[in-house]
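Below is one structure, written out as structure tokens; the observations come after it.
Given the structure is predicted, the values throughout are model-derived calculations rather than measurements.
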Amino acid sequence: SHSRSFRFPPGRGMWPPDPDPESDPEPAGRSQPGPGVPGLRALLPARAFLCSLKGRLLLAESGLSFITFVCYVASSASAFLTAPLLEFLLALYFLFADAMQLSDKWQGLCWPMMDFLRCVTAALIYFAISITAVAKYSDGASKAAGVFGFFATIVFAVDFYLIFNNVAKFLKQGDSADETTADKAEALMPH
């Protein structure tokens, strides 16, 4: 009996899938779907976004929130399981919203402010319930939920710090552009 092991071709088989499937040679007798054919790949975030800092933060937020949720389900501190579940769902929503560039499609919403408020509230809630889970409950699952909650607090705090810095830079650029426009207008006006 021969044991055969399957090996992915170079550059294949990694998560996320390759965004350029047209570079593969086409198998005989099969036609490749066109770029407009929806499928599972259309729902997955692009590799470039997942490798970006924001993508990694959102992945970490959703992963830590899910792990914290599972720990709270198994613990005696199950009263706290709603917060990690909601944060997990919100992190997934923002992951796919950012990856699919919904902020460009729905410009009426203030995406940076919503993301900032999501991160600030998540960091505060995780900090509060993690302290309570570690201090008040003695079972191992509660302690694990508290520890993962502290890690989630740090990740959410880093995210809201970066969002705050980006918004501050944007507003500072807008203010300096307004000042230079006003200075030019004053220079052009006769005294």
Side-chain angles (χ1 to χ4, degrees), residues 8 11-23 33-75 77-78 80-130 133 141 144-171:
F8 288 106
R12 300 287 179 214
M14 303 296 290
W15 174 256
D18 187 17
D20 187 20
E22 286 81 22
S23 64
V37 177
L40 181 61
R41 184 167 280 184
L43 296 175
L44 296 175
R47 178 180 294 173
F49 176 72
L50 292 176
C51 292
S52 69
L53 179 60
K54 183 63 177 179
R56 288 179 182 174
L57 283 171
L58 285 168
L59 282 174
E61 290 168 5
S62 58
L64 286 169
S65 295
F66 184 74
I67 292 170
T68 307
F69 168 72
V70 170
C71 289
Y72 277 124
V73 167
S75 74
S78 60
F80 299 131
L81 66 87
T82 307
L85 177 63
L86 288 176
E87 294 305 332
F88 168 69
L89 295 174
L90 284 171
L92 277 182
Y93 172 74
F94 273 88
L95 175 71
F96 284 102
D98 284 351
M100 302 301 172
Q101 299 174 344
L102 291 182
S103 60
D104 296 339
K105 296 174 186 172
W106 298 339
Q107 294 180 355
L109 299 173
C110 186
W111 289 92
M113 183 57 74
M114 290 188 327
D115 199 18
F116 179 77
L117 290 175
R118 174 188 69 87
C119 292
V120 168
T121 56
L124 293 173
I125 290 170
Y126 268 123
F127 187 70
I129 65 174
S130 296
V147 169
F148 282 113
F150 284 126
F151 287 134
T153 301
I154 293 167
V155 171
F156 279 103
V158 167
D159 198 5
F160 81 70
Y161 174 76
L162 293 174
I163 294 168
F164 179 78
N165 280 344
N166 289 338
V167 170
K169 285 179 189 174
F170 176 75
L171 292 175

Side chains of residues 64-74: which donor-acceptor pairs under 3.5 Å do they make with residues two or more places apart or in other chains?
unit_1	atom_1	unit_2	atom_2	d
Ser65	OG	Glu61	O	2.8
Ser65	OG	Tyr126	OH	2.8
Thr68	OG1	Leu64	O	2.6
Tyr72	OH	Ile129	O	3.4

Counting only pairs under 3.5 Å, give me each side-chain donor-acceptor contact of residues 86-96, with atom names and distances, residues two or more places apart or in other chains.
none

With Phe116 via side chain to side chain contact (heavy atoms under 4.5 Å, CB included) - residues at least two apart: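 Per chain and number, Phe116 pairs via side chain to side chain contact (heavy atoms under 4.5 Å, CB included) with Met113, Val120, Phe160, Ile163, Phe164.
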query: What is the minimum heavy-atom distance between Leu117 and Thr121, and which atoms define it?
result: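 Residues Leu117 and Thr121, closest heavy atoms: O-OG1, 2.8 Å.
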query: Do you know which two heavy atoms are closest between Ala133 and Phe80, and how far apart they sit?
result: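 Heavy-atom minimum between the residues: N-CE1, 4.4 Å.
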Which residue pairs pass the salt bridge (Lys or Arg N to Asp or Glu O under 4.0 Å) test with at least one member in [range], sequence neighbours excluded?
range: residues 149-158; result: none
range: residues 146-157; result: none
range: residues 152-164; result: Lys54-Asp159, Arg118-Asp159

To the closest 0.5 Å, what do you measure between [atom1] ([X]) and [atom2] ([Y])?
X: Leu124; Y: Cys119; atom1: CG; atom2: SG; value: 11.0 Å
X: Ile154; Y: Phe127; atom1: CD1; atom2: CZ; value: 10.0 Å
X: Ile125; Y: Thr153; atom1: CD1; atom2: OG1; value: 10.5 Å

- prompt: For atom CZ of Phe150, is the number of surrounding heavy atoms from other residues, nucleotides or ligands below 6.0 Å larger than 12?
  reply: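 More than 12 heavy atoms, drawn from other residues, nucleotides or ligands, come within 6.0 Å of this atom.
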